[in-house]
Protein chains: 2
Amino acid sequence: MQKTSIKKRVTLKDVANAVGVHVSTVSRALDPRTRHLITPEVAEQILKASERLDYRQNAAAYSLKTNRTRTIGVVVPDITNPVFPPIIRGVEDALASRGYVAILGNTDGDMRRETGLVETFRSRGVDGLILASVEREDAAVSKLAAEGLPVITVNRRVDDSTVASVVNDEAEGIRRVLTHLVSLGHRRVANIAGPQSLSTGAARYAGFEKYRGPMGLADDRGLVVFANAFNEAEGERCVEELLASGAEFTAIVCSNDRLAVGAIAALSRHGRRCPEDVSVTGYNDMPMVERMQPPLTTIRIQSNKVGFEAGQLLVQMIERPPGEYVAEHIVLPIELIVRGSTRAIHAPNGQDGDTAKPRVRPL
Amino acid sequence: MQKTSIKKRVTLKDVANAVGVHVSTVSRALDPRTRHLITPEVAEQILKASERLDYRQNAAAYSLKTNRTRTIGVVVPDITNPVFPPIIRGVEDALASRGYVAILGNTDGDMRRETGLVETFRSRGVDGLILASVEREDAAVSKLAAEGLPVITVNRRVDDSTVASVVNDEAEGIRRVLTHLVSLGHRRVANIAGPQSLSTGAARYAGFEKYRGPMGLADDRGLVVFANAFNEAEGERCVEELLASGAEFTAIVCSNDRLAVGAIAALSRHGRRCPEDVSVTGYNDMPMVERMQPPLTTIRIQSNKVGFEAGQLLVQMIERPPGEYVAEHIVLPIELIVRGSTRAIHAPNGQDGDTAKPRVRPL
DNA sequence: CTGTTAGCGCTTTCAT
DNA sequence: ATGAAAGCGCTAACAG
């Protein structure tokens, strides 16, 4: 019946005409917050008509008028890095439930691209920004926040505590890993630390330095080596460096899973088996690491939740009267996941254990 | 100097005032396509001023006027599924280079959510849609295309060839896998087929049926079992089913990597080692499958390129005079990646091989 | 309770 | 080559 080949979009005016009222009446009836201003019967009719005509608000007109787009910009280093999709998914779920959508951009870790993306997003009038790509020093981001644009960093944070954030409890994650290793009898534990320009890398390394002494671990400088990026290649390089330095260790704490994957590969290339010869731990519990050989002992972060909380918090910031909020900082708990890549020192199998003081036999 | 705490956004009018010309002149000077209408010197001044004042076009106003948003909607089943991020990344790269951005939505395979998302996106006036979530029968999608909204499916397609698509050469992928298996001496090859409601599942299964006879493989019905979803759990279930049926096979062709991962897990649970007892192949070459034990032999699709081509093609469709295009269908070549999960039947190691007719010894 | 009016910032005829 | 003016669809005073 109503076969319209090239259908023009139906507007408020169309609905108004259909019902025989003024556009503004329709506008009010359609907005739940102002619906009470309208006679219930009329409102009813309007709702019905708008349904029947398949009316949908013109987002551009709404934005132009209200200066709000219900769109938020999400910036990640690279969506292809398995750490980020669950976070993004969490963000989108939170946003969708509140009628917002996300536009996404990748920086590949290039801070100039971050700046460019933020520009693009602002030009599109995003109501807020979620940044997973920040470095600890990020003047541009602080400025955004200062200018009153709702901004929140996720998974990472900037040093400037003026910028809201949702992150994981990094120090606690490292503490758990170390506790686990100590309980397995390890005393010489190396650390492949992540980039110190990122809050994750810095916080995990800080945790390592903070706890290793008190826990009775050797605290040689030579047991720490810094990766320049959170990837497999750097994990391999760092193991090479560790091995070349002649440092002695029975376990390696890696600042994330990808470093750990690289580390295990490099170890095996040098005839050092994991976990028989050296235990290795990761961080993040990204997809598939439970299927690796050996399955990786790691810290599980609540990726989806981190994103979800960030999305929720950002919407709150947006919808609160301007300047009414202080930057919140949410820290989510983590979980230790023990798998096959760690085992008691020189013991035949790698059961989770509180093996009090395992015998330490020389080779 | 120009410290403005709560800075209003600068508009065309601001630039016009600064230069002492009319807004329309500024508008023309700023658009490369109309710049030639303006005296070069004036244009120069305007460009400078707009730079200096940090003018950025108001996307909402532009959209309202032109009915174009430079935004495209991307719908995927779940961004958390490792197959999709590279595709999305490709799409975004293509779009970004043309000044477009993507808004993203997840359906979790629920067709009603797909419909809802498409609604939301249309309400936001997207210029086009890229769908990675379609089933083969999808009346809603055909309708969209018929209504003149540029739509393109990626990775999957709908049966209705009216809808443009960018996909992988599924039949060829299966042919390569079978050729490889045959060269290793396998004659009884099972197939864990994907959901037949999806073009990928259907095309790969069709390839299997098409080639296995001509290649001299056993073509028992009992060697095929259908998964209800592309995930690990279904891979496990299908292997159980295969095993329970008493079917004999020395290899399993899985319709994607996740099915393969599940299949290998289930096999090992039943004391059948891969590749010693049965060879297994996947499809997609998703991240990390090269780190599994055993590393997975699979078909590598050009995920990033699939997305990139789709993005490019969509922009072309959008920017071409309406109704001027026919639905294109791009098919991208694939690549066989041989790893450890396949080996010559009953041979000691799994080198890639044209082992003509390997000896077949009974157990 | 509902209609009138103005205007968000931009592009695009139409004049000049 | 530039200015004037209209209008995209919507919301939000302000009147009645």
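Convention: sequence-line order gives letters A, B, ...; per-chain numbering from 1.
At a threshold of 4.0 angstrom between heavy atoms, the contacts of I38(B) are confined to the sugar-phosphate backbone, with no base atom among them. At a threshold of 4.0 angstrom between heavy atoms, the contacts of S24(A) include nucleobase atoms, whether or not backbone atoms are also involved. At the heavy-atom level, V23(B) lies nowhere under 4.0 Å from the strands shown.
S165(A) places no side-chain N or O within donor-acceptor distance of the main-chain N or O of V167(A), the cut-off being under 3.5 Å. Using modelled atom types, one side-chain atom of D14(B) and one backbone atom of T11(B) make a donor-acceptor pair closer than 3.5 Å.
The residue among A43(B) and L12(A) whose nearest nucleotide of DNA chain D lies closer to the 5′ end is A43(B). In terms of position on DNA chain D, the residue among N58(A) and H36(B) whose nearest nucleotide sits closer to the 5' end is H36(B).
What you find for D127(A) and P150(A) is that their closest heavy atoms are O-CD, 3.4 Å. Minimum heavy-atom separation, I318(B) to Y100(B): CG2-OH, 3.6 Å.
Using five terminal pairs a side, the axes of the helix from dC1(C)-dG16(D) to dT16(C)-dA1(D) at its two ends make an angle of 40°, given in steps of 10 degrees.
S50(A) and R56(A) form no side-chain donor-acceptor contact under 3.5 Å, judged by distance and modelled atom types alone. Side-chain contact, E135(A) with S197(A): no donor N or O sits under 3.5 Å from an acceptor N or O.
Among pairs with a residue in residues 97-109 of chain B, those fulfilling salt bridge (Lys or Arg N to Asp or Glu O under 4.0 Å) read R89(A)-D108(B), R98(B)-E319(B), D108(B)-R113(B), at least two apart in sequence or across chains. Under the salt bridge (Lys or Arg N to Asp or Glu O under 4.0 Å) criterion, no residue pair touches residues 58-74 of chain B, with sequence neighbours excluded.
Here the options are V15(B), L12(B), N17(B), the test is side-chain contact (heavy atoms from CB on, under 4.5 Å), and the partner is V23(B); only L12(B) passes.
First and last contacts of DNA chain C with chain B, using any nucleotide atom under 4.0 Å from a protein heavy atom and ordered 5' to 3', fall at dG9(C) to dT13(C). Heavy-atom contacts of chain A under 4.0 Å fall on DNA chain D between two terminal nucleotides, which in 5' to 3' order are dG9(D) to dA13(D).
Heavy-atom neighbours of E119(B) CD from other residues, nucleotides or ligands within 6.0 Å: above the threshold of 12.
Under the rule for a salt bridge (Lys or Arg N to Asp or Glu O under 4.0 Å), E328(B) has no partner lying at least two apart in sequence or in another chain.
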